There are 2 protein chains.
Amino acid sequence: MSVIAIRPATPADVGTILQFIRDLAEYEKSPNSVVATEANVHDAMFGERPVIESVIAEQDGKPVGFALFFHNYSTWTGWRGIYLEDLYVAPEARGSGTGKALLSHVAKLAIERGCARFEWAVLDWNEPAIGFYKKLGAKPMDEWTVMRLTGDALAKVAAG
Amino acid sequence: MSVIAIRPATPADVGTILQFIRDLAEYEKSPNSVVATEANVHDAMFGERPVIESVIAEQDGKPVGFALFFHNYSTWTGWRGIYLEDLYVAPEARGSGTGKALLSHVAKLAIERGCARFEWAVLDWNEPAIGFYKKLGAKPMDEWTVMRLTGDALAKVAAG
């Protein structure tokens, strides 16, 4: 049995993280959606105004997964929460508890920082993930739908 | 016809904003969900590490609505987006273009800051809002569901 270790990402991990982001997009059936560069990720994580944080899961010293998150905010609680943007475990490490170890690590950070909520989004067809999350006690926010404005539509709304 | 003006919130608006937050929660059929205090909102907006921003809509100098938002992040785009946590227009000002003016103001900020995405969540039963958002060109992220971990379940996951 391999030992899973979770540690904060360092600038040296940016290439690995971008590869995980691409692997996750492929798993999510959107292999061409990733336009982010190493410079983007480095800047967002280690630049002057960091907006995201990441932790790496290692087995025997080899990165096998990651979690990437940022703070959101709830006007109901009046406090920050943690929003998990990405959670990924490489195929060879699945079923080893790595995903749960990553979630547990970020949940611990949420509690240390006084956050009442830890949230993330899941694709509706990803039943193994949904089952796993529900077993952990996460509740689906079924009654809400996220709306997204991009490109020409965004420009048109901005123009008033 | 009243003139609608949109301006950034100031510390003097915190009481009005918290009242709007409560009014919105009541509209959303969760009148008892708001535990946030004026101190929470002030700190999140004007404290040492601001995490949220707000703009106020005024008609004839009277606040009639607000938008409250923060930055999120997309690993696909490699860039920040804007997430609109709350949008509210008081009953007496509805149908006057105030909601659209607020959205347009925040969309303009999104473009000025290089954000590729402007997002928010809507309740599935709120058909007038959904119709309004779709007419503006916003796309429902139907295939995603947000999962939320709170309270004892969060503590249990954190405990590993």
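What you see is a predicted model, and the numbers here were worked out from it, not measured in a lab. Letters A, B, ... are given to chains in the order of the sequence lines, protein chains preceding strands, and every chain is numbered from 1.
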Let's test your reading of the structure: which of B:Thr77, B:Leu109, B:Asn126 forms the most heavy-atom pairs below 4.5 Å with chain A? B:Thr77
Does the pair A:Phe118 and B:Met147 meet the rule for a side chain to side chain contact (heavy atoms under 4.5 Å, CB included), with working shown? CA-CA 8 Å; A:Phe118 175 22; B:Met147 305 295 294; over 6 Å; no
Any pair with a residue in residues 72-98 of chain A that passes salt bridge (Lys or Arg N to Asp or Glu O under 4.0 Å), sequence neighbours left out, goes on the list, sorted by first then second residue, please. A:Lys62-A:Glu92
Given a strict heavy-atom distance threshold of 4.5 Å, which part of B:Glu38 is in contact with chain A: side chain, backbone, both, or neither? neither
Would the distance check show the side chain of A:Thr150 and the main-chain N or O of B:Ala116 forming a donor-acceptor pair, the cut-off being under 3.5 Å? no
So what's closer than 4.5 Å to chain A heavy atoms on B:Ala25: side chain, backbone, both or neither? both
Would you say B:Val41 and A:Trp79 are hydrophobically clustered, going by side-chain heavy atoms of ILVMFWY under 4.5 Å? no
Between A:Thr75 and B:Leu68, is any pair of side-chain heavy atoms under 4.5 Å apart? yes
Which residue pairs satisfy the salt bridge (Lys or Arg N to Asp or Glu O under 4.0 Å) criterion with at least one member in residues 99-115 of chain B, sequence neighbours excluded? B:Glu53-B:Arg113
Of the non-hydrogen atoms in B:Ser104 and A:Ala158, which two are nearest, and what is the gap between them? OG-O, 3.4 Å
Toward chain A, the part of B:Tyr73 with a non-hydrogen atom under 4.5 Å: both
Looking at chain B, which one of A:Glu119, A:His105, A:Arg117, A:Arg148 has the largest number of heavy-atom pairs inside 4.5 Å, strictly under? A:Arg148
Proximal to chain B - members of residues 6-22 of chain A, heavy-atom separation under 4.5 Å: A:Ile21
Answer with side chain, backbone, both or neither: which region of A:Leu123 has an atom nearer than 4.5 Å to a non-hydrogen atom of chain B? both
According to a 4.5 Å side-chain heavy-atom criterion applied to Ile, Leu, Val, Met, Phe, Trp and Tyr, with indirect links allowed, do A:Leu24 and A:Leu102 form part of one hydrophobic cluster? no
Would a single hydrophobic cluster contain both A:Phe69 and A:Ile56, if residues Ile, Leu, Val, Met, Phe, Trp and Tyr are joined by side-chain heavy-atom contacts under 4.5 Å? no
Counting only heavy atoms closer than 4.5 Å, note whether A:Phe70 contacts chain B via side chain, backbone, both or neither. side chain
Heavy-atom side-chain contact between B:Leu149 and A:Trp120 under 4.5 Å: yes
How about residues 130-146 of chain B versus chain A: which residues have heavy atoms under 4.5 Å apart? B:Tyr133, B:Lys134, B:Leu136, B:Gly137, B:Ala138, B:Lys139, B:Pro140, B:Met141, B:Asp142, B:Glu143, B:Trp144, B:Thr145, B:Val146
More than 12 heavy atoms of other groups within 6.0 Å of A:Trp76 CH2: yes
Please rank B:Val35, B:Val122, B:Asp152, B:Asn40 by heavy-atom pairs under 4.5 Å with chain A and give me the top one. B:Val122
Residue A:Leu154 versus chain B: region with a heavy atom under 4.5 Å: both
Residue, of A:Asn72, A:Val106, A:Leu103, that accumulates the most heavy atom pairs under 4.5 Å with chain B: A:Asn72
Which region of A:Ala155, side chain (C-beta onward) or backbone (N, CA, C, O), has a non-hydrogen atom less than 4.5 Å from a non-hydrogen atom of chain B, or is it both or neither? both
Cluster question for you: counting only ILVMFWY and a side-chain heavy-atom cut-off of under 4.5 Å, with indirect links fine, are A:Val157 and B:Val55 together? yes
Do A:Val34 and A:Tyr88 belong to the same hydrophobic cluster, where Ile, Leu, Val, Met, Phe, Trp and Tyr are linked whenever their side-chain heavy atoms lie under 4.5 Å apart, directly or via other members? yes
Does any backbone or side-chain atom of A:Val51 lie under 4.5 Å from a heavy atom of chain B? Answer side chain, backbone, both or neither. side chain
